[in-house]
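Heads up: the structure comes next, in structure tokens.
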Amino acid sequence: MKVLKFGGTSVGSPARMKALLDIINPAERQVVVLSAVSGTTNSLVEIGQAYLAGDKKKAAQLITILKDKYEIFIKELLAKPEFLSQGQEVIDYHFSLLSNLANDHFTNIEDKIVVAQGELLSTTLYHVYLKEIGVPSVLLPALDFMKIDEDNEPIVDYITENLQPLLDQHPEVDLFITQGYICRNAYGEIDNLRRGGSDYTASLIGAGIRSEEVQIWTDIDGMHNNDPRIVKGTQPIAQLSFDEAAELAYFGAKILHPQSVFPAQRYKIPVRLLNTMDPKAQGTLITNTSEKDKIKSIAAKDAITAIKIQSSRMLLAHGFLRKVFEVFERYKTSIDMITTSEVGVSVTIDDTTYLGDITKELNTYGSVEIDVNQTIICVVGDFGAEKHGYAARVLEAVKHIPLRMISYGGSDHNLSLLVKTEDKVETLRSLHNRLF
Ligand code: ADP
Ligand code: ASP
Ligand code: MG
């Protein structure tokens with residue numbers, strides 16, 4: 001069984017939704033994961049923010065604007081009166097739910113309910129469309145099988161235990177539709193897998209049902225060798241290993257949700273990145289194999305904070321790094337990059353929620369310096385210990401750019417640089433021109 005995920009642009013208009021059947025073979029048993037129609041989650045985020053700010057008038061205005069878009073959407077998607085009225089019921093249900101939240105005490109719990117409506121709308125409307133054109137399908141509620149624990153970690157066994165029986169209930173049906181992004185949390189509340197999380201849903205379902213392949217259908221022909229939004233002339237990469245793809249996704253390649261590779265990797269399920277606008281294009285195949293002797297791709301992650309802790313007491317002191325890392329652990333703040341010297345250590349974080357507390361505690365071990373507005377530039381390639389020359393090529397390409405940190409050798413395929421965000425574009429372009 002395969003899992004196919006279609007992103008926001010791939011379901012972004014009635015015409016695009018209808019065109020999905022050029023890609024989906026309805027006679028093959030598969031789970032199709034849909035994102036919200038592009039733009040919808042952003043609008044829902046704004047609605048949630050308006051409610052959180054107590055601005056019910058603004059929330060109501062935003063709800064009306066979004067609802068109007070869906071009124072037009074269903075008129076193009078559905079033709080027969082019977083199905084049009086089903087589509088209308090779907091819209092009325094979800095938009096009254098949004099409006100009625102004005103009567104509740106609005107907290108983060110309600111906010112999660114708001115942002116979940118996008119995927120619920122897209123999948124339900126697509127299901128009505130499939131009924132209208134006579135394609136048998138079953139709509140599976142992701143909230144019945146997708147769950148995260150207290151640490152926001154998805155539970156693959158829970159998916160296996162709860163999704164497989166749902167699939168088994170319908171031996172006569174081949175096409176199953178479900179929502180990306182949304183889930184329940186440890187308290188049974190509606191939650192989500194963070195922005196871009198539909199990729200993660202697809203990989204988690206792939207892992208949960210041990211599918212033969214996961215396909216991520218999007219608006220570009222695979223993982224490119226640099227960020228196509230910033231650099232001209234980027235090229236798709238035919239083949240990546242799970243580790244390489246994970247590294248690129250984590251360090252900013254927006255085509256994949258940062259964590260989405262891990263479930264597929266754990267169960268060795270191949271992941272293909274494919275282009276809905278050009279279904280014949282080769283795309284990117286992500287498996288256990290990696291192409292050798294190559295620099296493959298560059299990605300960038302913004303909003304990074306660098307923290308330097310210097311201490312003469314570090315000299316010859318064992319246990320110093322443990323103490324430093326324990327501070328970050330206490331505040332559940334993960335570290336991305338690390339560089340050390342005999343008298344100091346620099347680390348980077350992206351979650352600054354507890355930066356104040358962390359700084360205060362670190363101050364007891366030495367002097368602390370903070371640099372904000374930093375960007376990690378991640379170069380992925382075949383950088384095993386026996387290789388030579390790659391680091392020199394990278395550093396030569398950025399010799400005109402001030403570097404805050406350099407990290408190499410943490411794995412066999414990553415070289416990371418920390419630069420000021422204002423230097424990011426020049427760094428990406430210069431690396432691209434000189435490495436590819
Ligand atoms: P979807 O809505 O289908 O999930 P996304 O917008 O999340 O699509 O991801 C696809 C976009 O990712 C592309 O349109 C492209 O602009 C952006 N992107 C950023 N870095 C890369 C990269 N290295 N390779 C391919 N696309 C990338
Ligand atoms: N709709 C969600 C978002 O826009 C999830 C996704 O598209 O993957 O972030
Ligand atoms: Mg995405």
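Position 1 is the first residue of the sequence; numbering continues from there. One-based numbering, in listed order, for ligands and for the atoms of each. In this text, all values refer to a predicted model and were calculated from it rather than measured experimentally.
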At a non-hydrogen distance cut-off of under 4.0 Å, which region of Ser38 contacts ligand 1 (side chain, backbone, both, or neither)? neither
What is the minimum heavy-atom distance between Met146 and Thr201, and which atoms define it? CE-CG2, 3.7 Å
Which is closest to atom 6 (C) of ligand 2 in terms of heavy atoms, Ala116, Ser198, Ser260? Ser198
Heavy atom of the protein closest to atom 3 (O) of ligand 1 (residue, atom name, distance): Thr218 OG1, 2.7 Å
Minimum heavy-atom distance between Thr287 and Gln239, given as atom pair plus value: OG1-NE2, 3.1 Å
Nitrogen or oxygen of Gly8 less than 3.5 angstrom from that of ligand 2: no
Report the part of His257 in contact with ligand 2, treating N, CA, C, O as backbone and CB onward as side chain, heavy atoms under 4.0 Å; options are side chain, backbone, both, neither. neither
Close N or O approach (Lys5, ligand 2; < 3.5 Å): no
Which ligand 1 atoms are under 4.0 Å away from a heavy-atom of Gly222? 24 (N), 25 (C)
Is the side chain of Ser203 donor-acceptor paired with the backbone N or O of Ala264 at a distance under 3.5 Å, no angle test? yes
How close does the nearest protein non-hydrogen atom get to atom 7 (O) of ligand 2, and which residue and atom is it? Ser35 OG, 3.3 Å
Which residue and non-hydrogen atom of the protein lie closest to atom 4 (O) of ligand 1, and at what distance in Å? Lys5 NZ, 3.0 Å
Of Pro228, Ala299, Ser297, Ser260, which has the heavy atom at the shortest distance from atom 22 (C) of ligand 1? Pro228
Positive for side-chain hydrogen bond (donor to acceptor under 3.5 Å, both in side chains) with Lys296, one of Glu291, Glu247, Glu244, His413: Glu244
What do we get for Ile220 next to ligand 1 when only non-hydrogen atoms under 4.0 Å count, side chain, backbone, both or neither? side chain
Assess Asn226 for proximity to ligand 1: is some non-hydrogen atom of it under 4.0 Å away? yes
Within a reach of under 6.0 Å around CZ of Arg266, are more than 12 heavy atoms found that belong to other residues, nucleotides or ligands? no
How about Tyr354: does its OH atom have over 12 heavy atoms from other parts shown lying under 6.0 Å from it? no
Would the distance check show the side chain of Asp104 and the main-chain N or O of Phe106 forming a donor-acceptor pair, the cut-off being under 3.5 Å? no
Find all atoms of ligand 2 within a distance of less than 4.0 Å from any non-hydrogen atom belonging to Arg195, and give their numbers and elements. 3 (C), 4 (O), 9 (O)
Is the closest heavy-atom distance from Gly197 to ligand 2 below 4.0 Å? yes
Quick check on contacts: which atoms of ligand 1 are under 4.0 angstrom from a heavy atom of Arg229? 16 (O), 19 (C)
Closest non-hydrogen atoms of Ala207 and Tyr267, given as atom of the first, atom of the second and distance, are CB-CD1, 3.3 Å
Where's the contact between His224 and ligand 1, heavy-atom distance under 4.0 Å: side chain, backbone, both or neither? both
Ligand 1 atoms in contact with Asp219 (distance to a heavy atom under 4.0 Å): 10 (C), 11 (C), 13 (C), 14 (O)
Glu329, CD atom: more than 12 neighbouring heavy atoms under 6.0 Å: no
Does ligand 1 have any atom sitting under 4.0 Å from a heavy atom of His257? no
Would a distance-only check, ignoring hydrogens and angles, find a side-chain to backbone donor-acceptor pair under 3.5 Å from Lys56 to Ala102? yes
In ligand 2, the atoms that come under 4.0 Å of a heavy atom of Glu119 are 1 (N), 2 (C), 5 (C)
Could you tell me the residue and atom name of the protein heavy atom closest to atom 2 (O) of ligand 1, and the distance to it rounded to 0.1 Å? Gly8 N, 3.2 Å
Considering distance alone, does some N or O of Tyr181 sit under 3.5 Å from an N or O of ligand 2? no
Quick test: of every protein heavy atom, which one is nearest to atom 12 (O) of ligand 1, and how far off is it to 0.1 Å? Ile255 N, 3.4 Å
So, the side chain of Glu119 versus the backbone of Ser35: is there a donor-acceptor pair under 3.5 Å, distance only? no
Ile113 side, atom CD1; Asp191 side, atom CG - distance, nearest 0.5 Å: 10.5 Å
What residue and heavy atom of the protein are closest to atom 6 (O) of ligand 1, and at what distance? Lys254 NZ, 2.8 Å
Check Lys399 with Glu396, please: is the shortest side-chain N to carboxylate O separation under 4.0 Å? yes
Carefully, step by step, assess Trp217 and Arg272 under the rule side-chain contact (heavy atoms from CB on, under 4.5 Å). CA-CA 8 Å; Trp217 289 86; Arg272 271 181 208 281; over 6 Å; no
